[in-house]
Amino acid sequence: MILILQQIVNGVMLGAVYVTVALAFNLTIGILNFLNFTIPPLFMVTAMFAWAVAEHGLPFGLTGPLNWALALGVGIVLTILISLVVERLTFRYMKARYGDATEHAIPLVSSLGFLLILENLVRIAYGTEPHRFATPFQDLNIRVGGLIVSLPQLLSLFLALAIVFGLSRMLATTKTGRALRSIAENPDASLLMGVDVSRIVPVVFVLSGLLCGVAGAIFAVNYGQVYSGMGNEIGNKAIAGMVLGGLGSIWGAIAGGVIVGVIEAMSVHLFGGDTVQAIVWGLLLVALIVRPQGLFGHNAIGKGKL
Amino acid sequence: MSAVPDIALSLRHVSKSFFGLQVVTDVSFDVLRGQRTALIGPNGAGKTTVFNLVSGAFGVDQGEILLDGTNIAPLSPGKRATMGLARSFQNIRLMPHLSVVENVMVGQHARTRGLMDLLTPLWLPRNRVWREEAEAQLRAFGLETYPNEVTANLPYGIRKKIEVVRALMSHPKVLLLDEPAAGLNTRETAELKDFLLDVAERGVTLLVVEHDMSLVRSLCDHTVVLNFGRKIYDGPTAEVQNDPGVLEAYLGPRHDAA
Amino acid sequence: MTGYLGGMLVILSLNIILAYAVFLPVATGQLNLGGAAFQAVGAYTAGILSAEYDAPVIVSLFAGAAVSGVISFVLALSILRTKGVYLVLATFAFAQFVSGVIINVDLLGGALGMNVPDHIDGPIIAVAAVVILLLVMLLMQARFGLAMRAIHDDDVVAGLMGIEVRITRVAAFTIGGVLAGIAGGLYAFYFNFIEVQSFDSLSSVYLLLFVLLGGTQTVWGPLVGAAFFTVVPELFRYVVAHLPVGHAASTGQLDTSWRFIILGAITVLMMVWRPEGVVTRTGLGRLLHRRVEKQA
């Protein structure tokens with residue numbers, strides 16, 4: 001029993017990463033109706049670049065090896081910058097002339113292009129093998145009853161929840177938040193209402209880049225290890241969390257991310273690590289067939305033409 | 001007019017509300033076969049909603065819509081199309097990457113029967129009639145100049161006509177036209193009027209939602225006027241502007257230049 | 001037909017079949033991010049039937065196509081109740097799921113791969129590709145193809161014209177699944193060895209992208225895309241062999257990575273300047289001015 005509980009605790013902690021990445025997915029799909037496949041590689045780039053900077057310093061010999069926290073900050077900033085480049089090349093140049101299916105798919109297809117570029121550049125630069133990302137408090141654990149809870153993981157969970165809470169407050173109360181929501185509901189009408197869409201759209205990409213960066217940092221600190229395949233293996237599973245929770249729903253992202261984390265921890269425990277991929281994605285397929293709107297899904301989201 | 005009127009389309013006590021807001025209230029009128037009926041009214045009168053209820057974009061809350069005596073209100077838009085209802089769109093919706101002839105041939109789809117029609121190449125002898133019919137129809141309306149041009153490249157007025165020709169290819173009992181003059185200049189509107197009269201002369205029944213009163217006067221013989229979701233006039237077009245109720249609706253408290 | 005050129009021709013033929021497998025759903029406006037996974041279903045089904053149950057090659061091949069087709073059908077039928085992004089998500093999930101399953105099932109060889117003893121020669125694969133190309137062309141010239149293209153341009157209006165939008169999309173997706181299954185079976189019997197890495201989610205992305213870059217407005221686009229992305233990487237192999245950069249363990253790894261980067265860059269740039277792909281209807285019309293005028 002205690003073992004099962006321990007798995008649930010581990011799952012919830014792992015869920016913190018999924019929640020944050022799922023939220024990044026949710027922002028772009030909820031507001032821009034854009035399934036952004038650059039999110040998993042951005043998550044990976046943060047961690048890999050942070051590792052490289054902590055190990056070798058900034059490129060071109062600008063600095064020596066950096067402190068781990070500073071390195072993560074550099075990784076997050078780079079991620080946000082790349083996210084803005086993605087925005088420029090996926091959204092800025094999109095000219096809807098005919099309104100056919102190919103046009104609606106342009107940002108998605110473009111993001112697949114970025115996915116290939118980012119994943120493979122990192123592979124060439126840093127290889128495919130795992131690298132150790134060292135932090136001073138790797139092994140700080142607290143014990144509650146018989147359960148072991150890792151302190152950094154607990155902090156990450158709170159950090160993830162704080163970000164989610166802050167984001168939902170921002171969407172609900174600020175002027176930018178209102179503009180974002182009006183674009184989500186009706187892009188044409190918000191244009192008429194004086195929302196400067198070309199200025200607001202980059203905000204979405206900054207926020208989703210930030211979320212990817214934070215998730216990458218959380219992962220690097222908690223697991224002490226980074227590798228070029230983590231975008232595909234870890235980041236992508238946030239898609240499962242997003243769909244389970246419901247496209248476009250912030251609370252759905254939280255619930256879905258945590259559920260995926262727990263399912264993963266349980267399947268590692270019960271059937272071994274190799275089964276995770278089949279189980280998580282198999283469940284997602286079932287969910288898509290049985291209840292595509294997810295737990296908290298908004299009916300309209302993701303149903304636009306593709 | 002004959003003693004027993006030949007009714008093509010009939011609305012019976014149709015009502016519709018959105019989020020508790022009553023948009024159309026108990027509207028009934030008949031569209032006689034071969035006639036050209038206009039549906040007009042000030043902004044927000046509910047004419048577009050009525051159009052959408054007939055075409056099937058929304059379902060009715062109450063009432064019946066009879067096409068040749070059959071209630072089509074519960075049917076999907078696609079099913080209504082196969083039963084003989086065709087429509088045009090306010091902002092033209094031709095398939096941009098299909099050629100003119102191909103667009104018109106899409107309009108024939110409601111008349112295809114069975115897998116052989118669907119899966120055999122269109123250039124086979126058995127299928128050639130489809131393309132020939134489409135070309136003949138285009139020729140009949142003077143649109144034969146660019147059969148193989150992709151429609152995205154054509155001028156607005158021409159595309160508008162092609163859209164109507166496409167709608168005709170299903171051999172509709174009633175053709176619904178959603179503000180056909182929207183986006184056209186005076187000369188193009190006059191051309192469109194002649195074109196639509198030409199269409200009507202071939203025995204197609206028209207129901208037209210339109211803002212442009214001069215087009216309504218020159219095109220339609222019968223007019224239904226809506227205001228605040230209710231029918232306030234149903235009679236010959238020639239007498240619309242003498243009707244006190246209509247005058248009040250249009251010129252009443254707010255002097256609206258609709 | 002042996003040796004280097006023969007091998008190239010086989011890869012080209014397989015890529016052409018796969019390209020049309022992905023093209024059919026895309027032509028109705030549905031992106032398939034699981035092309036390689038459907039290929040894997042065909043390959044492993046055919047492989048097991050042949051290796052474990054001694055089924056004849058032709059039976060195994062058709063069984064692989066059928067299983068892949070049935071899965072496509074079930075997936076498309078259930079997902080296409082909802083519109084929009086859900087089918088993309090489902091195909092993506094399916095690609096990940098298939099990789100996950102292959103690794104875990106011992107019968108499929110797990111991560112080590114699986115030997116397939118029976119063999120098919122290259123020329124047969126080339127013939128299969130030509131036959132499939134012709135069949136797809138005939139289908140696209142039928143009213144079904146017209147309906148597919150109409151749905152791609154405007155699914156709402158296509159529905160109003162009496163086109164069964166959902167059935168057409170499910171059918172196109174299913175035929176695509178069958179083609180991918182055939183390509184998988186042929187792959188298994190030609191190379192006599194299959195492993196999960198050949199069908200991973202990046203391969204699916206690669207496949208979708210070369211079809212889109214070739215262009216999906218006409219049947220010629222996927223052919224151009226498949227040919228380009230079969231031949232150019234080969235030329236590229238020589239260039240990369242002399243590049244001094246990178247930490248990657250083997251040149252094979254490096255070579256694949258650069259190939260993906262270039263495809264990614266071409267994709268991003270094409271989406272900016274020419275999202276409809278290289279081969280378009282107007283472009284083709286201009287090129288073959290007279291013939292299009294006469295043709296159906």
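Naming convention: chains lettered A, B, ... in sequence-line order (proteins, then strands); numbering from 1 in each chain. Keep in mind the model is a prediction, meaning the values are calculated, not measured.
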Test log, rule side chain to side chain contact (heavy atoms under 4.5 Å, CB included), inputs B/Asn127 and C/Arg143
CA-CA 9 Å; B/Asn127 289 332; C/Arg143 189 167 276 282; over 6 Å; no
Do C/Leu146 and B/Leu98 make a side-chain contact, defined as non-hydrogen atoms from C-beta onward lying under 4.5 Å apart?
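They are in side-chain contact.
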Please give me the minimum heavy-atom distance between B/Ala81 and C/Gly162, naming the atom from each residue.
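Looking at all heavy atoms of both residues, the shortest contact is CB-N, 4.3 Å.
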Nearest non-hydrogen partners of C/Ala147 and B/His109, listed with the distance
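Smallest interatomic distance, heavy atoms only, reads CB-CE1, 3.9 Å.
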Output, in order, the C-alpha distance, side-chain angles, deciding distance and verdict of side chain to side chain contact (heavy atoms under 4.5 Å, CB included) for C/Leu138 and B/Trp123.
CA-CA 10 Å; C/Leu138 287 178; B/Trp123 41 259; 3.6 Å; yes
Flag yes if more than 12 heavy atoms outside [X] fall under 6.0 Å of its [atom1] atom; otherwise flag no.
{"X": "B/Gln90", "atom1": "CD", "answer": "yes"}
{"X": "B/Lys79", "atom1": "NZ", "answer": "no"}
{"X": "B/Phe141", "atom1": "CZ", "answer": "yes"}
{"X": "B/Phe29", "atom1": "CZ", "answer": "yes"}

Contact part of C/Leu139 toward chain B, heavy-atom cut-off under 4.5 Å: side chain, backbone, both or neither?
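The answer is the side chain of C/Leu139.
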Could you look at [X] and say if it's the side chain, the backbone, both or neither that has a heavy atom under 4.5 Å from chain C?
{"X": "B/Thr112", "answer": "side chain"}
{"X": "B/Glu149", "answer": "neither"}
{"X": "B/Met169", "answer": "neither"}
{"X": "B/Val150", "answer": "side chain"}
{"X": "B/Thr120", "answer": "backbone"}

Please determine, among B/Pro121, B/Gly78, B/Ala110, the option with the most heavy-atom pairs under 4.5 Å with chain C.
B/Pro121
Between B/Glu102 and C/Arg281, is the closest basic N to carboxylate O distance under 4.0 Å?
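Looking at B/Glu102 together with C/Arg281, the answer is yes, because their closest N to O distance falls below 4.0 Å.
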CG of B/Leu122 to CE of C/Met140: how many Å apart, nearest 0.5 Å?
11.5 Å
How many angstroms lie between CG in C/Leu160 and CZ in B/Arg93, if you round to the nearest 0.5 Å?
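Between C/Leu160 CG and B/Arg93 CZ, I get 8.0 Å after rounding to 0.5 Å.
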Are the side chain of C/Asp153 and the backbone of B/His97 linked by a donor-acceptor contact shorter than 3.5 Å?
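Yes; at least one donor-acceptor contact below 3.5 Å.
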Using only atom types and a distance under 3.5 Å, with no angle test, would you say the side chain of B/Arg166 pairs donor to acceptor with the backbone of C/Met161?
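Not a single qualifying donor-acceptor pair exists.
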Who are the side chain to side chain contact (heavy atoms under 4.5 Å, CB included) partners of B/Ala136, not counting sequence neighbours?
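So B/Ala136 forms a side chain to side chain contact (heavy atoms under 4.5 Å, CB included) with B/Arg139.
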